[in-house]
Amino acid sequence: MHARILIVDDDPSIGEVLELFLRAEGYDTRIAVDGSDALVVFDEYQPHLVLLDLNLPGIDGISVCRSIREFSGTPIIMLTARTDPQDIIHGLEAGADDYVEKPFNEQILSARIRACMRRPLPTASNSLIVGDIEIDLRGHTVTRDGKPISLTPLEFELLHTLASRPTEVFSREALLEQVWGYQYKADTRLVNVHVQRLRSKIERDVDDPKIVLTVRGVGYRAGETRSA
Amino acid sequence: MNFVTRIVRQAREAWVGSLRLRMVMVSGGLSLVAVVVIGGFLSFTIERNLFESRRNEIISETQSVSGSVQAQFDGAIDAQGFIDVESANSTAQTTIRATTNSPGLVGFAILRAPGQVTDQVMTSTSSIGFPMAVVSESLRTAIHDDRSNVHYQSVSMDSQSPGIVTGTNIDVPTSGRYDLVLVYNLADVQANLAFVQSALALGGLFLVVTTGVIVWIVTTRSIKPIMTTAATAERFADGHLEERIGVEGNDVSAKLAMSFNRMAESISGQINRLATLSTLQQQFVSDVSHELRTPLTTIKLAGSMLFKQRKTFDKDSARAAELLNRQIVTFEELLSELIELSRYDAGAAELDIEPVAPTTLAQACIDQVADLAASHGSAITLHAPGGHSMVELDTRRVRRILQNFLSNAIDHGEGKPIEVWVDSTSSAVSFAVVDHGIGMTSAEAERVFDRFWRADPSRQRQSGGTGLGLAIALGYAKLHGGTIDVWAEPGNGACFRLTIPRDGATDPVSPLSLPPGVNADA
């Protein structure tokens, strides 16, 4: 079975050429041309990944992203022709996993798609405990005091990566490589925004984080960790 | 000495720097001269009048006293022609005391004129405490030479106050000629004069000070419009184009204000027009760049699909696909640099600061282009006298600048070694890239930051490059508050040096010389 990718772009020629390219890469694709269409198609198509143009007529890309995130952790890659840094930050904050700027290189796009859909890290133990958070690696769930916390696959991956090597400080570049699958072109804002999102879900006090700690000038590391 | 020079310098600065001070000093000085001249003249006239009137009074008193005394002696002769000179003398003294009423009489004396032989001799007498010392020989000689008049002489008394000595001849029957000498002290006249003089001096001083104050006030009032205009012009120059001066009345200062306002109006109008034009142009470039991205995405994807399948095409079509693909890459580079520049022009670019070790950053950039450099035959070496500790930089942008320096150095280095220098001080961090290739003339070096400017078109086209790289690099440097300096010599290579201030230092000195290593190694 082919992995399904939903392409959301109001420019039909981009949609079509993306479809040509992705089919050649072995994916199954559907196209949506505006925001409301995207949500409808998402429901019935249940894609494994969404390529989402931010500049859409009607409901804009950021709202679509936020709506999808309300009920699904499906990886979302933003396609953006706007290069205002604020747009990218807004998109990431709305829950997008990654972004590519138009005009993108098809190899980079396909690398990002693969990174977003790849298998989780192989693990030795079944679960990890960071602070008062328990990570169930098999069931891909995170709980505090038995209550589940909903994370997107990317956020789960980020937490898992940090917790798997508790003594290590991860630079933003290292996290980009391990979690996002970047080989080069480091945009460390991706890490910053997603760490903020993750903290807002798992920390009791975002201003005094206990689970994901900042090491100034270096990067991030997990809080007090032990194997369960 | 130093202190004195400083005082002199400060005074000079105050003099040159303040119109009001100059005006006050000049008018104060001139009125002081006037006061001294007028006061001196007044004082002199008053002094003369005071003394003359007093002298005349004393002379006429002496005259009347001598008349009475002479009459006294003449009347003392009895019928036998005999005279008791001593008793006549004592009567004469009483008469003198009774007839003098002028203030300041110190004493009197009746002195025998020397060199006479007479029937009898009357003893010279004088009042108690008579200051014999002030009676000069010359006065007495004058009395003898001219016996009919009263003679006088100005003298200085013991107490340093002025005095006047009068004398006249008296003929004492049977005893010969005697000098009647009166001594007056003029201390009261002197005191009056001193009072008048001090009043004059005080009045003069008051006049000078008043003049200074008046000139200060008048100058302040009359330069107020100039000060207002200057302050407004200053604010105007600082970019407050809406600054205007309030116009009151119809005098010359109102004219100044109106002229200034008209000028300001015209300038701000021009600036606004240009700014609007410039904004429109920037907006246009930005819009065009963004609008081009969407079709370029399609073109690029389609082009690269064609390129991948070119082996299945006939020879000409395959070549066309190759050309298409290569030009799409160039087009995309150009577009992304245009967007970068238009973002900088629009002031939308913001620094994304993080701590990084400059040497690490430089090494990463070198690693990235090492293969390219090797293919041109250039070896890149890193010299880092400093820059090992963390500095707050926008890593992405500094990396872009260094990559631009490096690719230029590789393009124009003619396969000769390339050096990268890194150093830092507490106020600045500096990166420099030096090549030993074809170099540039100084005229060319001045233009390297111009957009789309190429040193040698035919050469540049071969090695690619959009012609915007250094313009963007300079924009990025300025965004950091820094700058880029260029050194170049034809045939000897070129050096581009980036200097970025640390911790908000202004106008820092670059830790690296230009080109680096020249001073350090010499």
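So that the names make sense, note that chain A is the first sequence line, chain B the second, and so on, each numbered from 1.
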With sequence neighbours left out, the residues meeting side-chain hydrogen bond (donor to acceptor under 3.5 Å, both in side chains) with Glu70(A) are none

Just jot down the salt bridge (Lys or Arg N to Asp or Glu O under 4.0 Å) partners of Arg502(B), sequence neighbours excluded, or say none. none

So, Arg293(B) and Thr297(B): side-chain donor and acceptor under 3.5 Å apart, yes or no? no

Looking at Ile14(A), Leu109(A), Leu18(A), Leu20(A), which has the largest count of heavy-atom pairs under 4.5 Å with chain B? Ile14(A)

Under a 4.5 Å heavy-atom cut-off, does chain A meet the side chain of Glu291(B), its backbone, both or neither? neither

So which of Lys300(B), Lys308(B), Glu340(B) has the largest heavy-atom pair count under 4.5 angstrom toward chain A? Lys300(B)

Residue selection (most heavy-atom pairs with chain A, distance under 4.5 Å) from Ala302(B), Pro295(B), Ser304(B): Ser304(B)

Whether Arg310(B) engages the ring of Phe307(B) as a cation-pi pair (distance to the six-membered ring centre under 6.0 angstrom, angle to the ring normal within 45°) should be assessed. yes

